[in-house]
Amino acid sequence: MKTFELLSIIGSIAAVGIALGAVVIGSNASLHSDMRTEMQNLRTEMRTEMHSLRTDVRADLTDMRSDIRSLGTRLSAVEQRQARTEGLLEGLRDAIAAQGRWKTDREKEAS
(Lines give C-alpha, C1' and ligand atoms only; values in the text may rest on other atoms or scores of the structure.)
Protein backbone atom coordinates (compact mmCIF):
# COMPACT_ATOMS: atom_id res chain seq x y z
CA MET A 1 0.00 0.00 0.00
CA LYS A 2 2.80 2.30 0.58
CA THR A 3 3.66 2.27 -3.09
CA PHE A 4 0.04 2.79 -4.00
CA GLU A 5 -0.23 5.74 -1.59
CA LEU A 6 3.01 7.23 -2.94
CA LEU A 7 1.80 6.91 -6.53
CA SER A 8 -1.53 8.40 -5.50
CA ILE A 9 0.18 11.40 -3.90
CA ILE A 10 2.48 11.88 -6.91
CA GLY A 11 -0.52 11.61 -9.25
CA SER A 12 -2.44 14.16 -7.18
CA ILE A 13 0.50 16.56 -7.20
CA ALA A 14 0.86 16.16 -10.97
CA ALA A 15 -2.88 16.70 -11.47
CA VAL A 16 -2.84 19.83 -9.30
CA GLY A 17 0.26 21.10 -11.18
CA ILE A 18 -1.44 20.52 -14.54
CA ALA A 19 -4.62 22.21 -13.31
CA LEU A 20 -2.68 25.21 -11.99
CA GLY A 21 -0.76 25.43 -15.26
CA ALA A 22 -4.02 25.45 -17.20
CA VAL A 23 -5.42 28.17 -14.93
CA VAL A 24 -2.28 30.30 -15.32
CA ILE A 25 -2.25 29.88 -19.09
CA GLY A 26 -5.97 30.68 -19.29
CA SER A 27 -5.68 33.78 -17.12
CA ASN A 28 -2.58 34.87 -19.05
CA ALA A 29 -4.52 34.68 -22.32
CA SER A 30 -7.39 36.59 -20.76
CA LEU A 31 -5.00 39.22 -19.40
CA HIS A 32 -3.36 39.54 -22.81
CA SER A 33 -6.76 40.03 -24.45
CA ASP A 34 -7.74 42.62 -21.81
CA MET A 35 -4.50 44.51 -22.30
CA ARG A 36 -4.93 44.52 -26.08
CA THR A 37 -8.47 45.92 -25.70
CA GLU A 38 -7.23 48.56 -23.25
CA MET A 39 -4.42 49.60 -25.62
CA GLN A 40 -6.90 49.99 -28.48
CA ASN A 41 -9.14 52.11 -26.26
CA LEU A 42 -6.17 54.28 -25.26
CA ARG A 43 -5.17 54.76 -28.90
CA THR A 44 -8.69 55.80 -29.81
CA GLU A 45 -8.81 58.21 -26.87
CA MET A 46 -5.42 59.64 -27.76
CA ARG A 47 -6.39 60.18 -31.40
CA THR A 48 -9.60 61.92 -30.36
CA GLU A 49 -7.73 64.13 -27.92
CA MET A 50 -5.07 65.00 -30.51
CA HIS A 51 -7.74 65.91 -33.05
CA SER A 52 -9.42 68.13 -30.47
CA LEU A 53 -6.11 69.81 -29.63
CA ARG A 54 -5.35 70.42 -33.31
CA THR A 55 -8.76 72.02 -33.77
CA ASP A 56 -8.21 74.25 -30.73
CA VAL A 57 -4.72 75.29 -31.86
CA ARG A 58 -5.94 76.11 -35.36
CA ALA A 59 -8.77 78.24 -33.94
CA ASP A 60 -6.31 80.05 -31.65
CA LEU A 61 -3.94 80.69 -34.57
CA THR A 62 -6.79 82.10 -36.64
CA ASP A 63 -7.73 84.42 -33.77
CA MET A 64 -4.11 85.54 -33.35
CA ARG A 65 -3.73 86.27 -37.05
CA SER A 66 -6.89 88.34 -36.95
CA ASP A 67 -5.62 90.24 -33.91
CA ILE A 68 -2.27 90.89 -35.61
CA ARG A 69 -4.01 92.23 -38.72
CA SER A 70 -6.11 94.48 -36.51
CA LEU A 71 -2.98 95.76 -34.77
CA GLY A 72 -1.40 96.47 -38.17
CA THR A 73 -4.41 98.53 -39.18
CA ARG A 74 -4.36 100.46 -35.91
CA LEU A 75 -0.60 101.06 -36.18
CA SER A 76 -1.04 102.42 -39.69
CA ALA A 77 -3.68 104.86 -38.43
CA VAL A 78 -1.36 106.00 -35.62
CA GLU A 79 1.48 106.52 -38.10
CA GLN A 80 -0.75 108.67 -40.29
CA ARG A 81 -1.87 110.79 -37.34
CA GLN A 82 1.74 111.14 -36.19
CA ALA A 83 2.81 112.30 -39.67
CA ARG A 84 -0.04 114.83 -39.68
CA THR A 85 0.99 116.10 -36.23
CA GLU A 86 4.61 116.41 -37.33
CA GLY A 87 3.49 118.42 -40.36
CA LEU A 88 1.44 120.74 -38.16
CA LEU A 89 4.38 121.21 -35.78
CA GLU A 90 6.70 122.05 -38.66
CA GLY A 91 4.17 124.57 -39.97
CA LEU A 92 3.82 126.10 -36.50
CA ARG A 93 7.59 126.29 -36.11
CA ASP A 94 7.94 127.98 -39.51
CA ALA A 95 5.17 130.42 -38.63
CA ILE A 96 6.83 131.30 -35.31
CA ALA A 97 10.19 131.69 -37.02
CA ALA A 98 8.64 133.92 -39.71
CA GLN A 99 6.89 136.03 -37.07
CA GLY A 100 10.17 136.49 -35.24
CA ARG A 101 11.82 137.65 -38.47
CA TRP A 102 8.93 140.00 -39.17
CA LYS A 103 9.34 141.63 -35.74
CA THR A 104 13.07 141.93 -36.29
CA ASP A 105 12.47 143.58 -39.71
CA ARG A 106 9.96 146.07 -38.16
CA GLU A 107 12.40 146.94 -35.39
CA LYS A 108 15.07 147.67 -37.99
CA GLU A 109 12.70 149.93 -39.95
CA ALA A 110 11.70 151.79 -36.76
CA SER A 111 15.25 152.70 -35.91
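Here the structure is a predicted model, which is why all the values come from computation and not from measurement. Note that these values count all heavy atoms, side chains included, but never hydrogens, waters or copies made by symmetry.
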For residues 13-34, run the donor-acceptor check on the side chains, cut-off 3.5 Å, and write out each pair with its distance to 0.1 Å, sequence neighbours left out.
from  : atom 1 : to    : atom 2 : distance (Å)
Ser27 : OG     : Val23 : O      : 3.2
Ser27 : OG     : Val24 : O      : 3.1
His32 : NE2    : Arg36 : NH2    : 3.3

For His51, which residues count as a side chain to side chain donor-acceptor pair (under 3.5 Å) partner, sequence neighbours excluded?
none
I need the Leu89 CG to Thr85 OG1 distance, nearest 0.5 Å.
6.5 Å
To the nearest 0.5 Å, what is the distance between CD (Gln82) and CG (Leu75)?
9.5 Å
Ignoring hydrogens and angles, write down the donor-acceptor pairs under 3.5 Å from the side chains of residues 58-70, residues two or more places apart or on other chains.
from  : atom 1 : to    : atom 2 : distance (Å)
Thr62 : OG1    : Arg58 : O      : 2.9

Which ILVMFWY residues can you reach from Met46 by hopping between side chains whose heavy atoms are under 4.5 Å apart?
Met50
Partners passing side chain to side chain contact (heavy atoms under 4.5 Å, CB included) against Arg81 (at least two apart in sequence or in another chain):
Ala77, Val78, Arg84
I need the Leu92 CG to Glu90 CD distance, nearest 0.5 Å.
11.0 Å
Distance, nearest 0.5 Å, that separates NZ of Lys2 from CD of Glu5
8.5 Å
Would the distance check show the side chain of Thr44 and the main-chain N or O of Gln40 forming a donor-acceptor pair, the cut-off being under 3.5 Å?
yes
